[in-house]
Amino acid sequence: MILLTGGLGYLGSHMAAQIIEQGHEVVLVDNLSNSQFAVLDRLSKLTGRVIPFVQIDVRDKAGLQQVFSQYPITQVVHFAGSKSVNESIQQPLDYYDNNVNGLISLLYVMKEAQVKTIVFSSTAAIYGEPEALPIPESSRQAPITPYGRSKQICEQVLQDLAHAEKGWKIAVLRYFNPAGAHPSGIIGEVPNGIPNNLVPYIAQVARDERPFLQVFGSDYNTVDGTGVRDFIHVQDLIDGHSKALAWLATQPQVFDTFNLGRGEGVSVKQMLDAFSKAVGREIPYKVVARRDGDSASVYADASHANALLGWQATRTVDQMAVDTWRFYENLV
Ligand code: UD1
């Protein structure tokens, strides 16, 4: 049985749908800090299954111990964590506490339960301003926000643990820019306040909830002057997790880190065009000043995941736009 922490969040819910479909048993835990209980119903509808769910915070060790004693867990995918870059600058203690202490609490409980396989959600934010493109895993790490630094510390904790104790099987996955939704339109990234990230913002403009997209700068040295990122379809990202779990199962013990991206840069304008096509009308935008801390271009060298996990992203930016829009159209 696979434990998904943050199981009702954007990535956790897509992972749950996929591995249930593959025939695995899952148990989800989530503290509902950035997710909704209603997602559990949507997952049940999607999979036709009753899915075990426990509402706890991963920092609650006693609660986690209870989950491990109640369910025959053999592998863990740890999605639970705080991910807003802006918020992390305002509330660094909360971010270090939730992300770092959450992981440590989980690892203590896993160790006690003799469960030593974990896939960890990390981020391309670990690299900061890229020193070269595409970015390989060995690239310099220079995160510029508490969010990025909290993930960097987590990676270090995992690496030190794998070094110190036998038997741990650990895959760290560094996500580039997840986008898109499940093709059913039933689950997706549920909007929470004013989005910082590009794709949810565009979707809200498309729904007329906001008047226009602010394009942060059009004077970058890129294909059309707007920022370039490595957007990756959430279903591809989740495929990467499934492959990582399968690969870990073949290893006696291991620690390794993988970039998950398409390895291709897509500009803000290109994403906007893909969305306009999906929605069937032009999406209004205004070019404004650059956003502090943004790089011109960020995209992955994902060849390591391809070589070891046999993984490669296959879905296009058009698919990300179409699937995101289907989900938003279904939202009430
Ligand atoms: C941001 C975070 C990064 C985090 C990632 C995923 C910053 C500086 N970086 O990355 O640490 O890992 O989210 O959560 O916040 N854009 C607009 N208008 C908008 C929103 C975005 O033009 O309203 C542009 C940005 O300038 C950028 C691109 O769209 O060029 C993507 O932005 P975003 O979705 O926020 O992702 P990142 O900047 O890559």
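The shown structure was predicted, so the numbers you read here are calculated from the model rather than taken from an experiment. Both counts, for ligands and for their atoms, begin at 1 and track the order of listing.
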Participant: Have a look at V287, N197, V228, V266 and point out the one with the heavy atom closest to atom 13 (O) of ligand 1.
Facilitator: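 Answer by nearest heavy atom: N197.
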
Participant: Consider every N or O of D292 and every N or O of ligand 1, then say whether any pair is closer than 3.5 Å.
Facilitator: no

Participant: Residues two or more places apart in sequence or in another chain: which of them pass side-chain contact (heavy atoms from CB on, under 4.5 Å) with A206?
Facilitator: V279, I283, W325

Participant: For ligand 1, indicate whether the residue Q214 contacts it via side chain, backbone, both or neither (heavy-atom separation under 4.0 Å).
Facilitator: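 The answer is the backbone.
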
Participant: Side chains of H304 and D256, heavy atoms from C-beta outward: is any pair under 4.5 Å?
Facilitator: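 They are in side-chain contact.
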
Participant: Without placing hydrogens or testing angles, list every side-chain donor-acceptor pair under 3.5 Å for residues 210-218, not counting sequence neighbours.
Facilitator:
from	atom 1	to	atom 2	distance (Å)
R210	NE	Q204	OE1	2.6
R210	NH2	Q204	OE1	3.0

Participant: Looking only at distances, please establish whether an N/O atom of ligand 1 is found under 3.5 Å from an N/O atom of T123.
Facilitator: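 Yes, there is a polar N/O contact under 3.5 Å.
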
Participant: So if I count the atoms of ligand 1 from 1 in the order they appear, which ones are less than 4.0 Å from some heavy atom of V268?
Facilitator: 22 (O), 24 (C), 28 (C), 29 (O), 30 (O)

Participant: Below the 3.5 angstrom mark, is there an N/O of D294, backbone or side chain, next to an N/O of ligand 1?
Facilitator: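 Between D294 and ligand 1, an N or O pair is found under 3.5 Å apart.
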
Participant: For ligand 1, is any non-hydrogen atom under 4.0 Å from L198's backbone (N, CA, C, O), its side chain (CB onward), both, or neither?
Facilitator: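 Under 4.0 Å from ligand 1, L198 contributes backbone and side-chain atoms.
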
Participant: Yes or no: does N177 have any heavy atom under 4.0 Å from an atom of ligand 1?
Facilitator: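 So N177 counts as touching ligand 1.
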
Participant: Tell me the protein heavy atom at minimum distance from atom 20 (C) of ligand 1, and give that distance in Å.
Facilitator: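 Looking at atom 20 (C) of ligand 1, the protein heavy atom closest to it is N196 O, 3.4 Å.
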
Participant: When you measure from the side chain of Y95 to the backbone of G148, do you find a donor-acceptor pair of N or O atoms at a distance under 3.5 Å?
Facilitator: no

Participant: Would you check the N or O atoms of F216, main chain and side chain alike, for any that come under 3.5 Å of an N or O of ligand 1?
Facilitator: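 Yes: some nitrogen or oxygen of F216 is under 3.5 Å from one in ligand 1.
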
Participant: When you measure from the side chain of Q18 to the backbone N and O of M15, does any donor-acceptor pair fall under 3.5 Å?
Facilitator: no

Participant: Verify whether the ring centers belonging to Y175 and H241 lie closer than 6.0 Å.
Facilitator: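 Yes, the ring of Y175 comes within the 6.0 Å limit of the ring of H241, centre to centre.
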
Participant: Below 3.5 angstrom, do we get any N/O pair linking V199 and ligand 1?
Facilitator: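 No; every N/O pair is 3.5 Å or more apart.
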
Participant: If you look at every heavy atom in G102 and H78, which pair is closest and at what distance?
Facilitator: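 Minimum heavy-atom separation between G102 and H78: C-NE2, 4.4 Å.
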
Participant: For ligand 1, which is the ligand I care about here, please tell me if R291 has any N or O atom under 3.5 Å from one of the ligand's N or O atoms.
Facilitator: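 Among all N and O atoms of R291, at least one is under 3.5 Å from an N or O of ligand 1.
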
Participant: Can you tell me which residue and heavy atom of the protein come closest to atom 39 (O) of ligand 1, and the distance to 0.1 Å?
Facilitator: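 Scanning the protein heavy atoms, the shortest distance from atom 39 (O) of ligand 1 goes to R229 NE, 2.6 Å.
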
Participant: Just by modelled atom types, is the G185 backbone N or O under 3.5 Å from a matching donor or acceptor in the N330 side chain?
Facilitator: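 The answer is yes, because a donor-acceptor pair under 3.5 Å joins these two groups.
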
Participant: Which atoms of ligand 1 are found less than 4.0 Å from any heavy atom of L213?
Facilitator: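 Every atom of ligand 1 under 4.0 Å from some heavy atom of L213: 18 (N), 19 (C), 23 (O).
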
Participant: For ligand 1, which atoms have a heavy atom of G227 less than 4.0 angstrom away?
Facilitator: 30 (O)

Participant: I'd like to know if the side chain of R140 and the backbone of E129 have a donor-acceptor N/O pair within less than 3.5 Å.
Facilitator: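 Here the side-chain-to-backbone pair exists.
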
Participant: Under 3.5 Å between some N or O of ligand 1 and some N or O of K83?
Facilitator: no

Participant: Of all the non-hydrogen atoms in the protein, which one sits nearest to atom 3 (C) of ligand 1, and at what distance?
Facilitator: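 That would be V85 CG2, 3.7 Å.
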
Participant: Report yes if some heavy atom in the side chain of I19 is under 4.5 Å from a heavy atom in the side chain of Q75; otherwise report no.
Facilitator: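 I19 vs Q75: side chains apart.
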
Participant: Which of the numbered atoms in ligand 1 are under 4.0 angstrom from any heavy atom belonging to V215?
Facilitator: 22 (O)

Participant: Under a 3.5 Å distance rule, please check whether Q65 uses its side chain to pair with a backbone N or O of V109 as donor and acceptor.
Facilitator: no

